[in-house]
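Take a look at the structure set out below.
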Amino acid sequence: MSEAGGSVTAVSVIEARELTKTYGDFTAVDAISFDVAPGESFGLLGPNGAGKSTTMRMIGGTSLRTAGTLSVLGLDPERHGPEVRASLGVVPQADALDEELRARDNLYVYGRYFGLPRAYLKAKVPELLEFAQLTDKSDAKVTALSGGMKRRLTIARGLINEPRILLLDEPTTGLDPQARHILWDRLFRLKEQGVTLVLTTHFMDEAEQLCDRLVVVDHGRIVAEGSPRGLIQEHTTREVVEVRFGSARNAEMQAELAALVADGQRSRAGLEVLPDRILLYTDDGEAMLEEINRRALNPLTQLVRRTSLEDVFLRLTGRSLID
Amino acid sequence: MDAPSTGPTDVMAATKERLRRRPGWIANLYAGNARAVIARGFRVIRSANWGVVATGFFEPVFYLLAMGVGMGALVGSVPGPDGQPVSYAMYIAPALLATSAMNGAVYDSVNNVFFKMRYSKLYEGMLQTSLGPMDVAIGEIFMALFRGFLYAVGFLGVLTVMGLVTSWWALAMIPVAVLIALGFASVGMAVTSYMKSFQQLDLVPMVLLPMFLFSATLYPITVYPEPVQWFVMAMPLWHGVELMRQLSVGYVTAASAGHALYFVVISVIGITAVTLRLRKLFLR
Ligand SMILES: Nc1ncnc2c1ncn2[C@@H]1O[C@H](COP(=O)(O)OP(=O)(O)O)[C@@H](O)[C@H]1O
Ligand SMILES: [Mg+2]
């Protein structure tokens, strides 16, 4: 079970083998396999349409798989949906809050769906509202909440049954930076308490912040797997030089720059040509910049930065994560 | 404030134990907790939207006033189910009750279910919990029946005040309205599982409206040539109308039982179909 990387020590809480989902003749999830260890924070990183949400729905047993096997806490979610979900907290991409109920009642009624006793919920609901910083909004209609508030309410709702595994589908998409940081903070605290987090995102900074381990998904397939740091080391160089020549000259500079990275560099060096800029992967960015200037290539702008998961995706697929 | 506790005691232990004991074939469909969905429905009714509830009540009342009292002045009396003449208002009132049970049930099980699935994502939220699709379906059908029950009680109250019921049998019109609603709601929900777009919802009135107009609601079935009569008699609403009409004057015969049986059969078929289509309906 714990082949690659050997990072999976305890018994996996989620085990997916050749998991596949097709809609008609379109394959949304294409034979993916992965394991999630207890207490781990595991990410699915990929662009829109990669199949992340579909995978999450199959884990929760709300979407039926086409092929493959899936085990969540030792059970097949397709055959034991209610029992599997008893241990899951689900934060779907679309909040799916109950707009006919107030914020507080959303939590209470949701708890009743889990069969939780009234007395437990009377104490738990205010606790979760405070966790989500929504205490003063507890009587508000859901429709009157901001996007960030709805997202926090959805996360609070997902915690009502004190889940062992929290599934978060794009937890911060659409939130402003401040709201994102509040959310990340809340998720860290849950992780500290031993909750297993499974999250999808198309933000590389989010994946870097929150995930111990992640798979990079593209077109329904896993194209890479590892820790954020490990993936960066494995698939990119230490640094990247970004140069812009303006749209007219961008393409014609390609050949000349390709020679630069090919020169005595390691195999992971290389370049990516994007519509507005060219990225040069190298372990020594400053030296590369000097070389560019020595050859008088005259880019309009230039900058050296550390490589990130965004670069991993770019190197693996030739495309940017967010278009 | 600390993160909410996820302590060593498993708050879900009781639920998990209950779910573990469920037989395998139903384990994914039904968690035995439809009452939580029903409780949610009552909470919504309590907190809001009496306006929406009220329109369903007024519709048959307006028809009764316009057609029964207004047109009735021109028509005079017509032969009732037992052959005795009754006022025109008295003739159509039971038919209006049957029709409103049908309309309300179909609206709840088709339009509302489709909207909650596609637009408000209500069911998506519900199904992220320990509920199964059958809990949701039972809960929603129950709420549709409860609404039908409220309308029937209200309408019967209006009929009584207007002096349009003449028998204690009329009280049976309330459970019969619920039975009619069950038949239409279960079949409606099964049909909804095949719906793909909002445009398809427009087809629903094209079935319901002719059924209302031609099911011997506003005039006796004998105006039609015989082949047309057979066709009308195959339609569910006609059975509802006939049964209601018989109950309103207390003329209960073997035929009344036959009409009730028709709806029992429709309901069994509808519930079976919904059960078979639950996965298609909720787990796409
Ligand atoms: N119910 C559905 N019917 C048809 N196609 C779907 C359905 N749900 C998702 N898809 C398609 O499957 C692909 C993967 O979708 P999704 O899992 O939502 O991707 P992601 O969450 O990574 O953005 C997309 O191309 C999407 O259009
Ligand atoms: Mg998605």
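Heavy-atom basis, side chains included; hydrogens, waters and symmetry copies ignored. Chain A is the first sequence line, chain B the second, and so forth, proteins listed ahead of strands; every chain is numbered from 1.
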Residues 12-42 of chain B vs ring pair (Phe, Tyr, Trp, His ring centres under 6.0 Å), sequence neighbours excluded, gives B:F42-B:F146

Okay, B:R22 and chain A: the region with an atom under 4.5 Å from a heavy atom over there is neither

Max heavy-atom pairs within cutoff under 4.5 Å with chain A, candidates B:L131, B:D135, B:T15, goes to B:L131

Contacts table for residues 263-273 of chain B: side-chain donor-acceptor under 3.5 angstrom, sequence neighbours left out:
from	atom 1	to	atom 2	distance (Å)
B:S267	OG	B:G183	N	3.3
B:S267	OG	B:F263	O	2.7
B:T272	OG1	B:V268	O	2.6

Applying a strict 4.5 Å limit to non-hydrogen atoms, the region of A:L97 in contact with chain B is backbone

In this structure, OG1 of B:T129 is separated from CG of A:L116 (nearest 0.5 Å) by 10.0 Å

Given A:R112, A:R164, A:E192, the one with more heavy-atom pairs under 4.5 angstrom with chain B than any other is A:R112

Most heavy-atom pairs under 4.5 Å with chain B, out of A:T62, A:D105, A:D76, A:V109, belong to A:T62

Bottom line for A:E99: the part with an atom under 4.5 Å from chain B's heavy atoms is neither

Looking only at A:G115, A:G81, A:A86, most heavy-atom pairs under 4.5 Å shared with chain B are made by A:A86

Applying ring-ring contact (aromatic ring centres under 6.0 Å, His included) to B:Y194 and not counting sequence neighbours gives none

From the list A:Y23, A:Y108, A:F188, the residue making the most non-hydrogen contacts under 4.5 Å with chain B is A:Y108

d(B:K16 NZ, A:L73 CG) to nearest 0.5 Å is 7.5 Å

Looking only at heavy atoms, the pair that brings A:P82 and B:A31 closest together is CB-CB, 4.0 Å

Counting heavy-atom pairs under 4.5 Å with chain B, the top scorer among A:G61, A:S87, A:G89 is A:S87

#### Entry: B:Y63 atom OH, over 12 foreign heavy atoms within 6.0 Å
no

Check: Can you check side-chain contact (heavy atoms from CB on, under 4.5 Å) on B:R40 and A:L101, steps first, answer last?
Finding: CA-CA 9 Å; B:R40 182 250 169 212; A:L101 297 176; 4.2 Å; yes

Bottom line for A:P77: the part with an atom under 4.5 Å from chain B's heavy atoms is backbone

Discussion item. With a 3.5 Å distance limit and no angle check, can you tell me whether A:R85 reaches the backbone of B:L127 through a side-chain donor-acceptor pair?
Written reply: yes

Per-residue tally against chain A (heavy atom, under 4.5 Å) across B:A39, B:A36, B:G24, B:S130 peaks at B:S130

message: Between B:D10 and A:E162 (side chain of the first, backbone of the second, donor and acceptor by atom type, cut-off under 3.5 Å), is there such a pair?
response: no

One option among B:R18, B:M12, B:R20 has the most heavy-atom pairs under 4.5 Å with chain A, and it is B:M12

Filtered by a 4.5 Å non-hydrogen cutoff, the part of residues 102-125 of chain B contacting chain A is B:K116, B:S120, B:K121, B:L122, B:E124, B:G125

Interatomic distance, CG@A:N161 vs CD@B:Q128, rounded to 0.5 Å, equals 11.5 Å

Under 4.5 Å to a heavy atom of chain B? For A:L64 that would be both

